[in-house]
Amino acid sequence: MASRAQIPTNNSALIAMIADEDTITGFLLAGVGNVDIRRKTNYMIVDSKTTVKQIEDAFKEFTTRDDVAIVLISQYVANMIRFVVDSYNNPIPAILEIPSKDHPYDPAHDSVLSRVKYLFNTDSVAGDRR
């Protein structure tokens, strides 16, 4: 039997965000923001001056933090680091790609949706049992 990923039992699991300023502002107004004692935030604002390396470093930081349960990333930002997002395969933190104001959601580029489609492919072994 495969072992399940352990979800931290403390009540401080966070949602991390990598997105444009408008998206981040909306989530901060909803109460998702957090700044810890070391002045580390749970979000990264991506603008025209942000480099791919900075986005990749933030993604790796958020996915390795013990207090983060979900990473929300704008789909157009995820496309900038698609190779890193697609290679991430841990269940926790979960990676969710979201639309932004200026970039509509494209299901063809969503890594989670493509994995689900692969699992429920009618040509798969499970599809033959139906």
Side-chain angles (χ1 to χ4, degrees):
M1 178 188 276
S3 63
R4 291 184 166 220
Q6 294 297 315
I7 299 173
T9 56
N10 60 8
N11 293 328
S12 63
L14 300 174
I15 296 175
M17 299 163 290
I18 305 172
D20 60 284
E21 186 174 14
D22 292 337
T23 304
I24 297 288
T25 301
F27 278 98
L28 292 177
L29 289 171
V32 175
N34 183 59
V35 179
D36 64 11
I37 300 170
R38 298 166 303 197
R39 310 279 298 157
K40 298 285 275 181
T41 61
N42 65 326
Y43 58 89
M44 177 188 184
I45 297 174
V46 177
D47 58 15
S48 60
K49 299 174 190 163
T50 308
T51 65
V52 173
K53 176 77 170 127
Q54 290 172 317
I55 298 168
E56 186 178 335
D57 290 344
F59 181 84
K60 289 179 179 177
E61 176 192 343
F62 291 148
T63 55
T64 56
R65 283 177 52 174
D66 292 334
D67 61 343
V68 173
I70 299 171
V71 177
L72 299 177
I73 184 168
S74 288
Q75 190 174 50
Y76 84 96
V77 175
N79 288 336
M80 293 180 196
I81 58 166
R82 179 59 59 199
F83 58 96
V84 178
V85 174
D86 287 346
S87 66
Y88 181 81
N89 58 6
N90 294 333
I92 299 171
I95 308 301
L96 297 176
E97 296 180 26
I98 59 173
S100 65
K101 183 173 81 171
D102 298 328
H103 301 88
Y105 174 76
D106 182 8
H109 291 112
D110 191 334
S111 62
V112 174
L113 185 60
S114 65
R115 289 179 190 176
V116 170
K117 282 183 179 180
Y118 175 76
L119 289 173
F120 292 105
N121 187 358
T122 57
D123 296 333
S124 70
V125 175
D128 294 337
R129 294 183 198 158
R130 290 183 193 170

Trace of the side-chain contact (heavy atoms from CB on, under 4.5 Å) decision for Phe59 with Ile95: CA-CA 10 Å; Phe59 181 84; Ile95 308 301; 3.8 Å; yes
Approximate separation, where rounding is to 0.5 Å, of Lys60 NZ and Thr63 OG1: 8.5 Å
Pair Asp67-Asn42, side-chain contact (heavy atoms from CB on, under 4.5 Å): steps then yes or no: CA-CA 10 Å; Asp67 61 343; Asn42 65 326; over 6 Å; no
Any residue meeting side chain to side chain contact (heavy atoms under 4.5 Å, CB included) with Ala78, in chain and number order, not counting sequence neighbours: Ile73, Arg82, Val85, Glu97
Remaining members of the apolar cluster that contains Leu28, side-chain heavy atoms under 4.5 Å: Ile15, Met17, Ile24, Phe27, Val32, Tyr43, Ile45, Ile70, Leu72, Leu96, Ile98
Any pair counted as salt bridge (charged side-chain N to carboxylate O under 4.0 Å, His left out), so long as it reaches residues 20-32, sequence neighbours left out: Asp22-Lys101
Residues forming a salt bridge (charged side-chain N to carboxylate O under 4.0 Å, His left out) with Lys53, sequence neighbours excluded: Asp57
Set of side chain to side chain contact (heavy atoms under 4.5 Å, CB included) partners for Thr50, sequence neighbours left out: Met44, Val46, Asp47, Gln54, Ile55
Over all atoms of both residues, closest heavy-atom pair of Pro93 and Phe62: CG-O, 3.9 Å
Linked, directly or transitively: Phe83 and Met80 (ILVMFWY side chains, under 4.5 Å): yes
Least distance between heavy atoms, Ser100 atom then Thr23 atom: CB-OG1, 3.9 Å
Arg38: partners by side chain to side chain contact (heavy atoms under 4.5 Å, CB included), with sequence neighbours left out: Asp36, Lys40
Counterpart residues, ring-ring contact (aromatic ring centres under 6.0 Å, His included), relative to Tyr76 (two or more places apart): His103
Asp102: partners by side chain to side chain contact (heavy atoms under 4.5 Å, CB included), with sequence neighbours left out: none
